[in-house]
Visitor: 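After the structure tokens below, expect a handful of questions from me.
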Amino acid sequence: MRYYLTTAIAYANNKPGLHTLYEVIGADAIARWRRMSGDDVRFLTGTDEYSVNIATRAAEEGMSPQDFVDAKVALFQSSEARLLISPDRFIRTTDADHLLAAQEMVRRSHAAGDIYLGSYEGWYCPNEGFRTETDVERVGDGAVCPNHPGVALEWLKEQNWFFKLSAYQARLEAWLSQDPSPVQPAYRRNEMLGFVRQGLEDFSISREGAGWGIPFPIRADGTSAIAHDGTADPSAGTIYVWYDALINYLTGAGFPVSPDGAPWWPADLQIIGKDINRFHSVFWPAMLWSAGLEAPKQIWVHGWLLSSGERMSKSRGNFLDPDDAVAALGADGARFVALREVPFDRDGEVSWDSIIRRYNSELANDFGNLVNRAVTMAQRSFPDTAPPPRAAAASPLGTAWAATRTRASDAMGQVALHEWLGALWELVGTANRFVDSEKPWELAKAAKDGDAAAREQLSGVLGDLLETCRLISLYAAPAIPRVAAQVWELLGHRWPYDEDGHGGPALEKLGEWGACVADRPLSSPVPLFPRLERDEQSPATR
RNA sequence: GGCGGGGUAGCUCAGCGGUAGAGCAGGGGAUUCAUAAGCCCUUGGUCGCAGGUUCGAUUCCUGCCCUCGCUACCA
């Protein structure tokens, strides 16, 4: 099955924080899950690089805008590589094909009669662009924006192109009202429904002047602003925000350069943060319909990472550095903890301390130690061949796996990433309790003394345990891709997927209890997740 | 202001008519295969406040308090 998923593109003005990459980690896990399931996956993530603000920042640092964003994008890519993020394309809005896609979308909406000339006026901050009335502080007759208190705002009026969002109110209401909701979680859909029902206003999609942005392809008189040699008429202005940024999802789908249109569109899943829900759940479908395209199949709105109750952000300065997390916990540890600490449908409190605690408790103590003790015991009693599991029906763990597997798959299908890992880690607990109740060390002693029945029992118990480790690793691999492969090698299996989760038999097939026979002896275990000292290097939030 | 969620153990949350649960954190114990991990037991709650319905309410109703989200053009 074809599966196209996207993250929002991040504003390329800084080094990314963990709160920025959280969404990318989640999307990456889904992409890997789908690849391992045998789907034909396209996973798109990237950066948003045009804006007056970027140009200003670049100028302040004495750089060209392009050099500036190149440098920031390199930071994103480096942090993402450390986290084993595996996009099929890392898209940049400065990419050449994206320019074509954005301009084509404008042309289509224009041809459809959904774009018209109007005038836009409002407070304008020379440092940051237009500000909304609610964003400014009144000072006498004038106003200043909170971010630059020393700078007086100007009241500016521009001739701009507007998109007829108001024409799509009924269709948006109908679309949002569908069951199941195309916007998840459902309460986010309800918020958007409320918004739409208040009545929709058109929004501006161009800015005057040739700033740092994509040239607007149409002149005020309706003629093309793009010459045959591709150069643009600067008097036509630039495309403003949404007809640039949102279009990246289409560019990444092959629009419009691919001969078959946009082969990957519509997207199966678009993951976004709650601050941009309105643009994705209201503006975006209307823009697509205007151009004769379909709305995305599903939009998933995740919550924030919080620090002491406040949203983590660069501007607040209360963020965590993803590189610090990877350095301390490893890529697998950092990915797992991010997905486990914060419910994917809600905000979640995160601190360095809670990260270390989660890592130690669930990865080092519960899971890592489970694999370690199981492999050690098995290797000691069965040095040549790993003991096979008993029939699923005859094994408590085999029975438990059936339920766990269903829960994990269902949760993944619903983008409930926290429930997915939650189900798997409950089985980790079950397996640890199983070890203590079966006491394989006692069985080993009896077996050594020549008790054949004890030896058979021991083989079954350890075989079940090893199988459980194999299956949990397999199903958790989208979160902990490297360690999962490492566990399989320890267990004498060969990991059949490549680094990004491609190839190999379908996950569901390998996920059958007893699906694989180890073809090599067990290896001596090394700690998969070394335990960390609680107070070890705490970069804290900065 | 309007609309919609919440307020339950130190923390994060589940439960939603018969006087409360999980995970983590804290305390104790028995063990030893294991990353001084795991396992067992356990301390913590007038279930926001005040009324009402009911034989009985954390669970239903009303009022109030507090809190969070949405309430248009920031990337």
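Below, read A as the first sequence line, B as the second, and so on, with proteins coming before strands; counting in each chain starts at 1. Heavy-atom basis, side chains included; hydrogens, waters and symmetry copies ignored.
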Visitor: For residues 363-372 of chain A, which side-chain N or O atoms pair as donor and acceptor with protein atoms under 3.5 Å away, sequence neighbours left out?
Guide:
residue : atom : partner : partner atom : Å
A:N365  : OD1  : A:R531  : NH1          : 2.8
A:N365  : ND2  : A:N360  : O            : 3.4
A:N372  : OD1  : A:T376  : OG1          : 3.3

Visitor: Among all residues two or more places apart in sequence or in another chain, which pass the ring-ring contact (aromatic ring centres under 6.0 Å, His included) test with A:H280?
Guide: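 ring-ring contact (aromatic ring centres under 6.0 Å, His included) list for A:H280, sorted by chain: A:Y249.
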Visitor: Under 3.5 Å between N/O atoms: give me all the protein pairs with nucleotides 29-33 of chain B, atom names plus distance.
Guide:
residue : atom : partner : partner atom : Å
B:rC33  : O3'  : A:R380  : NH1          : 3.3
B:rC33  : O2   : A:R373  : NE           : 3.2
B:rC33  : N3   : A:R373  : NE           : 3.4
B:rC33  : N3   : A:R373  : NH2          : 2.6
B:rC33  : N4   : A:R373  : NH2          : 3.0

Visitor: For the pair made of CE in A:M192 and C1' in B:rA72, what is the distance, rounded to whole Å?
Guide: 10 Å
Visitor: How many Å lie between CZ on A:F195 and P on B:rC70, as a whole number?
Guide: 12 Å
Visitor: For A:Y243, check side-chain hydrogen bond (donor to acceptor under 3.5 Å, both in side chains) against everything at least two apart and list the hits.
Guide: A:S109
Visitor: Counting only pairs under 3.5 Å, give me each side-chain donor-acceptor contact of residues 161-170 of chain A, with atom names and distances, residues two or more places apart or in other chains.
Guide:
residue : atom : partner : partner atom : Å
A:K164  : NZ   : A:G113  : O            : 3.2
A:S166  : OG   : A:D202  : OD1          : 2.8
A:Y168  : OH   : A:D114  : OD2          : 2.4
A:Q169  : OE1  : A:L200  : N            : 3.4
A:Q169  : NE2  : A:V196  : O            : 3.0

Visitor: Can you sort out the partners of A:R278 under salt bridge (charged side-chain N to carboxylate O under 4.0 Å, His left out), two or more places apart, ordered by chain and number?
Guide: none
Visitor: So, using side chain to side chain contact (heavy atoms under 4.5 Å, CB included) as the criterion, who are the partners of A:E489 when residues are at least two apart?
Guide: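 A:E489: side chain to side chain contact (heavy atoms under 4.5 Å, CB included) contacts with A:W495, A:R520.
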Visitor: Using a cut-off of strictly less than 4.0 Å, decide whether A:N190 has a side-chain nitrogen or oxygen near OP1 or OP2 of B:rG4.
Guide: no
Visitor: For RNA chain B, produce a single dot-bracket line, 5' to 3'. Pairs: Watson-Crick or G-U wobble, both distances under 3.5 Å. Symbols: ( ) within strand, [ ] crossing, | other strand, . unpaired.
Guide: ((((((((.[[[[.).....]]]].((((.........)))).....(((((.......))))))))))))....
Visitor: Would you give me the side-chain donor-acceptor pairs under 3.5 Å for residues 63-76 of chain A, sequence neighbours excluded?
Guide:
residue : atom : partner : partner atom : Å
A:S64   : OG   : A:D67   : N            : 3.0
A:S64   : OG   : A:D67   : OD2          : 3.3
A:Q66   : NE2  : A:D70   : OD1          : 3.0
A:D70   : OD1  : A:R92   : NH1          : 3.2
A:D70   : OD1  : A:R92   : NH2          : 2.6

Visitor: Is the A:H302 ring parallel, tilted or perpendicular to the A:Y22 ring (thresholds 30°, 60°)?
Guide: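 It falls in the perpendicular class, over 60°.
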Visitor: Protein-nucleotides 10-13 of chain B N/O pairs closer than 3.5 Å?
Guide:
residue : atom : partner : partner atom : Å
B:rC13  : O3'  : A:R346  : NH1          : 3.4

Visitor: In chain order, what residues pass the side-chain hydrogen bond (donor to acceptor under 3.5 Å, both in side chains) check against A:Q270, with sequence neighbours excluded?
Guide: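 Counting only residues at least two positions away or on another chain, A:Q270 forms a side-chain hydrogen bond (donor to acceptor under 3.5 Å, both in side chains) with A:T6, A:W284.
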Visitor: Checking A:D410 now: which residues fulfil salt bridge (charged side-chain N to carboxylate O under 4.0 Å, His left out) with it, not counting sequence neighbours?
Guide: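 Residues passing salt bridge (charged side-chain N to carboxylate O under 4.0 Å, His left out) with A:D410: none at all.
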